[in-house]
Asks: 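Pasting in a structure now, in structure tokens, and then I'll have a few things to ask.
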Amino acid sequence: MTSFATHTPSSRADHFILPDLVGHCHFPLTYHPNGDAIAAESVRWLDEGCPELSPKARAALYGLQAGELTAYCYPHCSDERLRVVSDFMNYLFHLDNISDGMMRKGTEELSDVVMNALWFPDRYIPTKGQPSTEASAGKMARDYWTRCIRDAKPGPQARFKETLELFFESVNQQARDRDAGIIPDLESYISMRRDTSGCKPVFDLIEYAMDIDLPESVVTHPIIKALNQGANDLVTWSNDIFSYNVEQSRGDTHNMIAILMNLRGLDLQSAVDFVGDLCKQTIDAFIDNQRNVPSFGPELDRDVAMYIQGLQDWIVGSLHWSFMTERYFGKAGAEIKAHRVVKLLPRRNTDAQMANMQPQLPRAPLDTAFPHKPQDIHSSLLAVLRYIPLVAAFVLGIPSILCFLSRRYVGIFAR
């Protein structure tokens with residue numbers, strides 16, 4: 001990883017144009033028949049379980065519409081299972097919100113609290129360093145998890161715990177980078193973002209929602225893995241586009257657009273277009289992989305088809321939902337979906353954020369990636385004058401030394 005200062009072009013753009021990802025994605029959009037009612041129950045569940053929420057955070061919770069996202073992405077499951085998944089979806093966004101400003105130690109403590117509830121679902125057993133009274137984040141995790149494991153099959157249970165652990169590990173790494181003022185390189189970012197997105201555990205819940213348990217031989221098959229990763233990348237990278245405006249306003253650099261601007265020197269629109277093209281290629285590759293799914297036998301083929309349908313629902317559902325939620329575009333989502341023009345929000349505390357960045361020498365050549373800036377004439381002159389005594393001593397001293405040595409040791413060389 002390399003550390004860069006935040007990209008600040010001399011003439012900052014005031015808007016950018018979204019790529020038409022909705023128009024590129026032709027998957028049918030489906031909504032759960034009881035999605036609205038279950039979404040309303042789910043958001044109340046999180047509201048009542050988090051008394052520490054500020055009024056602003058509580059209002060944002062209802063504008064988020066995480067339950068509606070769940071209804072788009074799991075439209076074919078039972079009401080009971082949709083409610084469990086919807087509760088986790090609301091909870092996952094809540095975790096994302098509270099971890100965003102955390103330092104490394106805070107994310108580690110949050111991880112311990114949540115994973116404790118998953119490993120010890122029957123009762124709170126505080127481990128070393130945990131308080132005797134369980135935090136609300138732990139109580140909420142225990143509540144949805146005990147309902148989930150009543151009828152969740154063993155495979156999805158194990159995979160969910162494993163991928164949620166990966167989520168916390170990557171969030172912890174993100175916090176480390178934030179503490180150190182580091183922007184990761186593109187490859188490191190893509191790898192980390194596949195975990196910080198939270199897509200892996202919610203994709204595991206496709207199996208729970210549809211009451212299936214794919215064997216390991218299916219889950220690890222190259223085509224199934226490619227479909228899973230393709231859906232993850234599309235949801236993640238499109239989210240980087242949709243969330244960029246809010247994130248740039250608060251100086252957040254955990255975004256592919258910000259990384260491309262810093263790492264490759266792209267302007268804003270070029271970076272957005274680059275990520276948009278990646279998203280379109282990912283949708284196309286997903287369709288190609290769908291055509292190449294092998295047969296795993298009559299019984300398994302049905303379960304595999306439901307799982308892949310779930311990934312497809314996630315792709316199309318997340319794209320449309322991104323303009324319905326108030327998380328990215330406020331109340332202007334429908335309007336922006338139509339004309340695709342996003343006006344940049346003003347930045348907050350930019351100077352303080354810039355001061356906290358610790359720039360290091362980049363891997364790219366300095367003369368191409370980071371052009372030299374003209375220095376102040378007076379400071380340059382003073383810098384030169386400081387070295388005049390050293391140069392004079394060197395120039396005048398060398399002949400004297402050579403003369404001395406020639407007289408002292410001339411006999412040695414003559415022998």
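For reference, positions follow the sequence shown, starting with 1.
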Asks: Applying the side chain to side chain contact (heavy atoms under 4.5 Å, CB included) criterion to Tyr208, which one of Ile149, Asp213, Val84 satisfies it?
Replies: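 Exactly one candidate clears the test, Val84.
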Asks: Using distance alone, with no hydrogens and no angle criterion, decide if Gln130 and Asp112 have a side-chain donor and acceptor under 3.5 Å apart.
Replies: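 No, no side-chain donor-acceptor contact under 3.5 Å.
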Asks: Does a donor on one side chain sit under 3.5 Å from an acceptor on the other, for Asp277 and Gln281?
Replies: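 Asp277 vs Gln281: no donor-acceptor pair found between side chains.
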Asks: Does a side-chain N-to-carboxylate-O contact under 4.0 Å join Arg291 and Asp288?
Replies: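 Yes.
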Asks: Looking at the rings of Phe160 and Phe88, which for Trp means the six-membered one, are their centres under 6.0 Å apart?
Replies: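 They qualify: ring centres under 6.0 Å apart.
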Asks: Pairing donors with acceptors under 3.5 angstrom, does anything connect the side chains of Glu216 and Thr220?
Replies: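 No.
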Asks: Would you say Arg327 and Asn239 are linked by a side-chain donor-acceptor pair, where the criterion is simply a distance under 3.5 Å?
Replies: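 Checked: Asn239/Arg327 side chains show no N/O donor-acceptor pair below 3.5 Å.
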Asks: Assess the side chains of Asn90 and Ser42: does a donor N or O sit below 3.5 Å from an acceptor N or O?
Replies: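 Yes, Ser42 and Asn90 have a side-chain donor paired with an acceptor closer than 3.5 Å.
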Asks: Quick check: Phe93 with Trp321 (ring centres under 6.0 Å apart)?
Replies: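 Yes, the ring centres sit under 6.0 Å apart.
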Asks: Do the side chain of Glu134 and the main chain of Arg123 share a donor and acceptor less than 3.5 angstrom apart?
Replies: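 It does not hold such a pair.
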Asks: Once rounded to the nearest 0.5 Å, what's the spacing between atom CG of Asp252 and atom CD of Gln174?
Replies: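 If we round to the nearest 0.5 Å, Asp252:CG and Gln174:CD are 6.5 Å apart.
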Asks: Using the side-chain hydrogen bond (donor to acceptor under 3.5 Å, both in side chains) definition, which of the options Asn232, Asp195, Thr163, Asn228 pairs with Lys200?
Replies: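 Running side-chain hydrogen bond (donor to acceptor under 3.5 Å, both in side chains) over Asn232, Asp195, Thr163, Asn228 with Lys200 returns exactly one hit, Asp195.
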Asks: Using a 6.0 Å cut-off, check whether atom CD of Glu299 has over 12 heavy atoms from anything other than its own residue.
Replies: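 12 or below, so no.
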Asks: To the closest 0.5 Å, what do you measure between CG (Asn255) and OG1 (Thr236)?
Replies: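 Reported to 0.5 Å precision, the distance equals 11.0 Å.
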Asks: Would a distance-only check, ignoring hydrogens and angles, find a side-chain to backbone donor-acceptor pair under 3.5 Å from Thr325 to Ser322?
Replies: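 Not confirmed, Thr325 side chain does not pair with Ser322 backbone.
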Asks: Relative to the ring of Phe323, is the ring of Phe242 parallel (under 30°), tilted (30 to 60°) or perpendicular (over 60°)?
Replies: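 Answer is perpendicular, since the angle exceeds 60°.
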Asks: Spell out, as yes or no, whether a donor-acceptor pair under 3.5 Å connects the side chain of His320 to the backbone of Val22.
Replies: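 Pair absent, no side-chain N/O of His320 close to backbone of Val22.
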Asks: To the closest 0.5 Å, what do you measure between CG (Leu110) and CG (Asn172)?
Replies: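 So the gap between those two atoms works out to 10.5 Å.
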Asks: For Tyr74, run the side chain to side chain contact (heavy atoms under 4.5 Å, CB included) check against Asp313, Thr30, Leu69, Leu82 and tell me which one passes.
Replies: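 Result for side chain to side chain contact (heavy atoms under 4.5 Å, CB included) with Tyr74: Leu82.
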Asks: Between OG1 of Thr253 and CG of Asp177, what distance do you get to the nearest 0.5 Å?
Replies: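 Interatomic distance, Thr253 OG1 to Asp177 CG, rounded to 0.5 Å: 8.0 Å.
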Asks: Is a side-chain donor or acceptor of Asp47 paired with a backbone partner of Arg58 at a separation under 3.5 angstrom?
Replies: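 Flag not set: sc Asp47 to bb Arg58 has no pair under 3.5 Å.
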Asks: Salt bridge check, Asp87 against Arg83: does any charged N sit closer than 4.0 Å to a carboxylate O?
Replies: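 Salt bridge present between Arg83 and Asp87.
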Asks: Name all residues meeting the ring pair (Phe, Tyr, Trp, His ring centres under 6.0 Å) criterion together with His254; count only those two or more places apart in sequence or in a different chain, and write none if there are none.
Replies: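 If we apply the ring pair (Phe, Tyr, Trp, His ring centres under 6.0 Å) test to His254, skipping adjacent residues, the hits are Tyr189.
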Asks: Got a donor-acceptor contact below 3.5 angstrom from the Asp267 side chain to the Ser270 backbone?
Replies: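 Pair found, side chain donor or acceptor close to backbone of Ser270.
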